[in-house]
Amino acid sequence: MRTIQCPFSFFLFLLVVACPVMGQVKQKRHLTSQEYHLWSELQPDKISSNGNWVSYALRYESGEDTLFVKKRNGKTVSFPKGKNGNFSNDSWFVCQQPNNTLNILNLKTALQQTISEVTDYKIAANGNYLIVLKTGVNNKLSLVAQDWKGQELKSIENVKAWYPNPQNSAIAYVTDSGKQHTVEVLQIEKRIQTHTVVVDTSAGFHNFAWQSNGEAFCFLHHPLEGLQEQNNKGKLFTFRSKDKRTFVFDPKAQQDFPEESTISDSDYNPLSLSEDGERIFFGVKKVQITKNTAQTAVQVWNTEDKSIYPLKKQISGWDKVEKLTVWYPKSNRFFQIADNALPQVALNGNQTYAIVSNQETYEPQEKREADRDFYGLDLQTGTKKLLLKKYSGANQMILMSPKGKYITYFKESDWFIYDIKKDKHTNITQNRIAELSKPDFEMSTDWVPYGNPGFTTDEKSLLLYDKYDIWEVSVDGSFCTRLTRGKEKEITFRISMQSAIQKPDVKYQGNSTGLFDSKGILLLEATGKDHVASGYYYWQRSQGEKPIVYKEMRISRLQLADNKQDLMYVEENFDVPPRLVISSIKNQKQQDIVNSNPQQQNYFWGKSIQIKYTNASGVQLTGVLFYPANYSPDKKYPMVVHIYQKQSRELHKYVNPSLHNNEGWNHTNFTTKGYFVLYPDIVYELGNTGASATDCTTAATQAVIDMGVISQDKIGLIGHSFGGFETNFIITQTDMFAAAVSGAGLSDFVSAYLGVSWNYSKPDFWRFEYHQFRMGKSLFEDTEGYLRNSPVLQAANVNTPLLTWTGEMDLQINAKQSYEFYLALRRLKKKSIMLVYPGEEHALSESTNTEDLTNKIESWFDYYLKGKESSSWMIPNYYD
């Protein structure tokens, strides 16, 4: 360990702004792409227990990142390329830096210590010790426990891997002496001690998992030298700290363990312990014997198959899918929860009860997530019974109470509770809350609830959301109370989850909700109408909701200190770079910790405003208009319209200028280059998706034209994915746009409807009948509608030069859709260029490709909207 005398210094890496010469005013200048690298992303990190310290990072595209620690009303310390920072008892801050250096900052004395060759570290739960994993001779690891003075209290050599518990009060680890492999546990309480769990001559200890309270852990052992052997079924171990007992599950010793099967070490059914430590859950998979066939077998696609061939082959009647199994260590009892008939399992909150189902029950059908029958299974008795018949398989429709007493589900515009012990279903809302659900993607089918964040801590009440407010409803439905008054203010309130107990949890395929103390303080996210204002409130039963901060900005990323009073969050606007602010719940005096990207003041910048417009059906809509940098009312500017669905939430979002954009689009780039940018909201009429997009987009664009700020003949249009389809369609209906860009856009409703969602291995029917393309009927029920909404069939009407792009390996929207539209335009001798990126999918990921696409889109619009010279790639017969 090395100690450095380092007084606090105000190391604001890349944040220092030189003072201008006395009397001089620094002139703003136009931003160029050569200066984009100056911009950073502000990432709030941690707030100390008493709220006196915060840490945050500034991340740059170049990788020249810096982690900062700042005292409230005090100075700042920087850690270049620092990561994994943590506070300890408001006395220490620890983080990792390059070259495996651990840096320890004494927050009281400003002394820094460093430890070299550290690959990972943990601060003990009691805050008294630092546990580090160090690299030594021959790259062998050692686990070292030390105090804050640097004195080693325990050192363990030849460590292969370590697995700290959630509380950092104990660490399971594996050692390898060459002759034997050992699993041990280091317990870190008032004193540090170790205990040996198991010793074996073979390596292969892995898949460690801790009980949530950190008192027990389990793991697997698959001897490495026997992995290819069919009789290598593996073993399962669990160790309990309280009584130092180790239990072993050996499949070979279990008479009813499935034949030709083994304990799975995959992540499909991850190894886990129940909350009380009494049950271990793991997967069992059938050993698959690889067949060595000389030629590929013929694929058989049958219309009566439950799944189409790719998924059918993958699961093979569910025989190839591992099955969730439970083991009771004390009694050595186990049974397989899932089987081929009911392979899907969702566990309740305390893991004593399961809901089992089969997604194929009502296949073949047209939804992405098929309806199914759900059965309840008591894990203690093995009793099974039907709970819900032909109920939605969509996520978040069935939710478990955290303590395991109840199952909640949404049906026919009401919330129901199933009491497991009483075997009783109760409609708890009984139509007493008017707006509990909204249409999915604004369609007339598949209405989804606004939300169910969880229960009160005594599980006597359930908290629910409507469009604006939070309600409390008793589990027996006897009372129903609105806790907030958002509807009157047109503010939407949602609970900001700030502790582990409040956050949803997933137990295999079961979603468990949170627990909330309705007798204490709840922190609420607040969003105003059309996203004009946002912020945070606190709620108490005696006072209702009171604002902490609420203003016309984008306010997000709240973190609460352990003292439950101090908090930090981020404020930003389109023209105000993100700033980190610290405040408190009741004393709402706000203090800026850091203002990111101060260099912006040296450049011309735009602003954002809301616009209102009305579509042909008389619906008033909202759009966001971004002004060009250094705007002059004496000029008229080009404009690009970016479309998707509803984008009014983008009003206050700050976007760094960048050449690396996975859709090739960055509206800040355009505003700093002298463009207006418009983000309109779009609403849809079922069966007339394309016409709805055209109507709303042209109405919004006309509203800006009427403002007299843009050149009517210099307007561009751009969209990606669903927005790519909308772009394709709109330019077949209007010549309002001088140029357009369509990314990964659908063009043919007929061929797309009859396509496959390869990322789901399902037919694409659902996209049109129940989802974003909003047809509401099958191709065969509304053939004319599918033809009417297909841009490719109306390509002859296109007069707008179109740039299309697609990832060659796109699994979301088949690249064939872009090829079709390109070929139609080619045959019709229209102006169009298509970019195909090999190896890329729906959005680009390779940095050279994101930069290439960004530059090409900008040069496309520069040519058509600004009259600049065409780039070489735009010239016919160009070869790369």
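Owing to the predicted nature of the structure, the values given are computational and were not obtained by experimental measurement.
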Checking Phe374 against Tyr409 for the ring pair (Phe, Tyr, Trp, His ring centres under 6.0 Å) test, could you report, in this order, the C-alpha distance in whole Å, the side-chain angles of both residues, the deciding distance, and whether it holds?
CA-CA 12 Å; Phe374 290 91; Tyr409 58 95; 9.5 Å; no

Apply side chain to side chain contact (heavy atoms under 4.5 Å, CB included) to residues Asn332 and Trp327 and explain how you reach the verdict.
CA-CA 7 Å; Asn332 201 29; Trp327 171 48; 3.0 Å; yes

Counting N and O atoms only, with roles assigned by atom type, does the side chain of Lys306 sit under 3.5 Å from a partner on the main chain of Thr361, one being a donor and the other an acceptor?
yes

When you measure from the side chain of Trp860 to the backbone of Ala740, do you find a donor-acceptor pair of N or O atoms at a distance under 3.5 Å?
yes

Sorted by chain and residue number, the side chain to side chain donor-acceptor pair (under 3.5 Å) partners of Glu360 (sequence neighbours excluded) come out as Ser307, Trp318

Determine the minimum heavy-atom distance between His842 and Ser721, stating which atoms define it.
NE2-OG, 2.8 Å

Tyr309 side chain to Asn302 main-chain N or O, any donor-acceptor pair under 3.5 Å?
no

On a heavy-atom basis, the closest approach of Ala370 and Glu363 is CB-OE2, 3.7 Å

Should His660 and Thr850 be marked as a side chain to side chain donor-acceptor pair (under 3.5 Å) after you check the CA-CA gap, both sets of side-chain angles, and the distance that decides it?
CA-CA 5 Å; His660 297 283; Thr850 58; 3.2 Å; yes

Can you list the steps and then say if Phe821 with Ser832 is a side chain to side chain contact (heavy atoms under 4.5 Å, CB included)?
CA-CA 10 Å; Phe821 204 49; Ser832 182; over 6 Å; no

Give the C-alpha distance, both sets of side-chain angles, the deciding distance and a yes or no for ring pair (Phe, Tyr, Trp, His ring centres under 6.0 Å) between Phe768 and Phe749.
CA-CA 8 Å; Phe768 296 86; Phe749 270 37; 5.1 Å; yes

Decide if atom CZ of Arg826 counts as having more than 12 heavy atoms of other residues, nucleotides or ligands within a radius under 6.0 Å.
no

In terms of heavy-atom contacts, does NZ of Lys313 have more than 12 from other residues, nucleotides or ligands at under 6.0 Å?
no

Could you pull out the closest heavy-atom pair between Ser742 and Asn728, with the gap in Å?
OG-OD1, 3.0 Å

On a heavy-atom basis, which atom in Leu377 and which in Lys384 lie closest, and how many Å separate them?
CD1-CB, 4.1 Å

A side-chain contact here means heavy atoms from C-beta on lying under 4.5 Å apart; do Leu236 and Leu271 qualify?
yes

Just so I know, are the side chains of Leu746 and Phe773 near enough to count as touching, which here means a heavy-atom distance under 4.5 Å?
yes

Taking the side chain as every heavy atom from C-beta outward, state whether Leu825 and Leu802 have any pair of such atoms under 4.5 Å apart.
yes

Is there a side-chain contact between Met775 and Glu781 (heavy atoms, below 4.5 Å)?
no

Do Phe334 and Phe249 make the cut of ring centroids closer than 6.0 angstrom?
yes

Asn661 and Thr854: side-chain donor and acceptor closer than 3.5 Å?
yes

Is it true that Tyr753 and Glu769 share a donor-acceptor pair across their side chains at a distance under 3.5 Å?
yes

For the side chain of Asn358 and the backbone of Ala341, is there at least one donor-acceptor N/O pair under 3.5 Å apart?
yes

Main chain of Gly349, side chain of Gln351: is a donor-acceptor contact present, judged purely on distance under 3.5 Å?
yes

Look at atom CG of Asp256 and say whether more than 12 heavy atoms of other residues, nucleotides or ligands are closer to it than 6.0 Å.
yes

Please determine whether side chain to side chain contact (heavy atoms under 4.5 Å, CB included) holds for the pair Asp373 and Lys389, giving the CA-CA distance in whole Å, both sets of side-chain angles, and the decisive distance to 0.1 Å.
CA-CA 5 Å; Asp373 298 336; Lys389 182 76 174 175; 3.3 Å; yes

In short, Glu820 meets Ser751 closest at the heavy-atom pair OE2-OG, 3.2 Å

Check: Glu841 side chain, Ala843 main-chain N or O, donor-acceptor pair, under 3.5 Å:
no

I'd like to check the side chain to side chain donor-acceptor pair (under 3.5 Å) partners of Asp764; sequence neighbours left out, ordered by chain and number.
Ser757, Arg767

Above 12 or not: heavy atoms from other molecules or residues under 6.0 Å from NZ of Lys312?
yes

Side-chain touch His642/Gln647, heavy atoms, less than 4.5 angstrom:
yes

We want to know whether Tyr819 and Thr806 form a side-chain donor-acceptor pair, criterion being a heavy-atom distance below 3.5 angstrom.
no

Does one side chain, of Asn759 or Gln812, offer a donor that lies under 3.5 Å from an acceptor on the other?
yes

More than 12 foreign heavy atoms under 6.0 Å from NZ of Lys235: is that the case here?
no

Atom NZ of residue position Lys856 - does it have more than 12 heavy atoms of other residues, nucleotides or ligands inside 6.0 Å?
yes

Measure the acute angle between the ring planes of His720 and Trp805, then classify it against the limits of 30° and 60° as parallel, tilted or perpendicular.
parallel

Under the criterion side chain to side chain donor-acceptor pair (under 3.5 Å), I'd like the reasoning laid out for Asn269 against Lys323: C-alpha separation, chi angles, the key distance, then a yes or no.
CA-CA 8 Å; Asn269 283 314; Lys323 309 302 188 300; over 6 Å; no

Worked verdict on Glu846 versus Asn849 for side chain to side chain donor-acceptor pair (under 3.5 Å)
CA-CA 5 Å; Glu846 183 63 41; Asn849 290 336; 5.8 Å; no

According to the interplanar angle, ranging from 0 to 90°, do the rings of Phe205 and Phe219 count as parallel (below 30°), tilted (30 to 60°) or perpendicular (above 60°)?
perpendicular

Apply side chain to side chain donor-acceptor pair (under 3.5 Å) to the pair Thr408 and Asn452, showing each step before the final yes or no.
CA-CA 9 Å; Thr408 64; Asn452 166 0; 3.0 Å; yes

Does either side chain, that of Glu322 or that of Ser264, offer a donor lying less than 3.5 Å from an acceptor on the other one?
yes

Would you say the side-chain atoms of Asn688 pair up with the backbone N or O of Ala691, donor to acceptor, closer than 3.5 Å?
no

Around Glu259, counting heavy atoms of other residues, nucleotides and ligands shown, do more than 12 lie under 6.0 Å from its CD?
no

Check Ile280 against Pro329 and note the closest heavy-atom contact, atom names and distance.
CG1-CG, 3.8 Å

Using only atom types and a distance under 3.5 Å, with no angle test, would you say the side chain of Lys830 pairs donor to acceptor with the backbone of Val798?
yes

I'd like to know if the side chain of Asn207 reaches the main chain of Asp265, judged simply by a donor and an acceptor atom lying under 3.5 Å from each other, with no hydrogens or angles considered.
yes

Taking side chain as C-beta onward, heavy atoms only, is His221 less than 4.5 Å from Val183?
no

Kindly assign one of parallel, tilted or perpendicular to the pair Trp210 and Phe217, based on the angle between their ring planes and the thresholds 30° and 60°.
tilted

Backbone N/O of Ala744 and side chain of Gln817: donor-acceptor pair under 3.5 Å
no

When you compare the side chain of Val284 with that of Phe257, does any pair of heavy atoms fall below 4.5 Å?
yes

Hey, are the side chains of Val356 and Val345 touching, using non-hydrogen atoms and a 4.5 Å cut-off?
yes

Worked check of side chain to side chain contact (heavy atoms under 4.5 Å, CB included) between Trp766 and Glu366:
CA-CA 5 Å; Trp766 61 273; Glu366 293 71 49; 5.9 Å; no

Distance under 6.0 Å and angle within 45° of the ring axis: does Lys390 meet both against Tyr362?
yes

Would you check if the distance from the ring center of Phe416 to the ring center of Phe410 is below 6.0 Å?
no

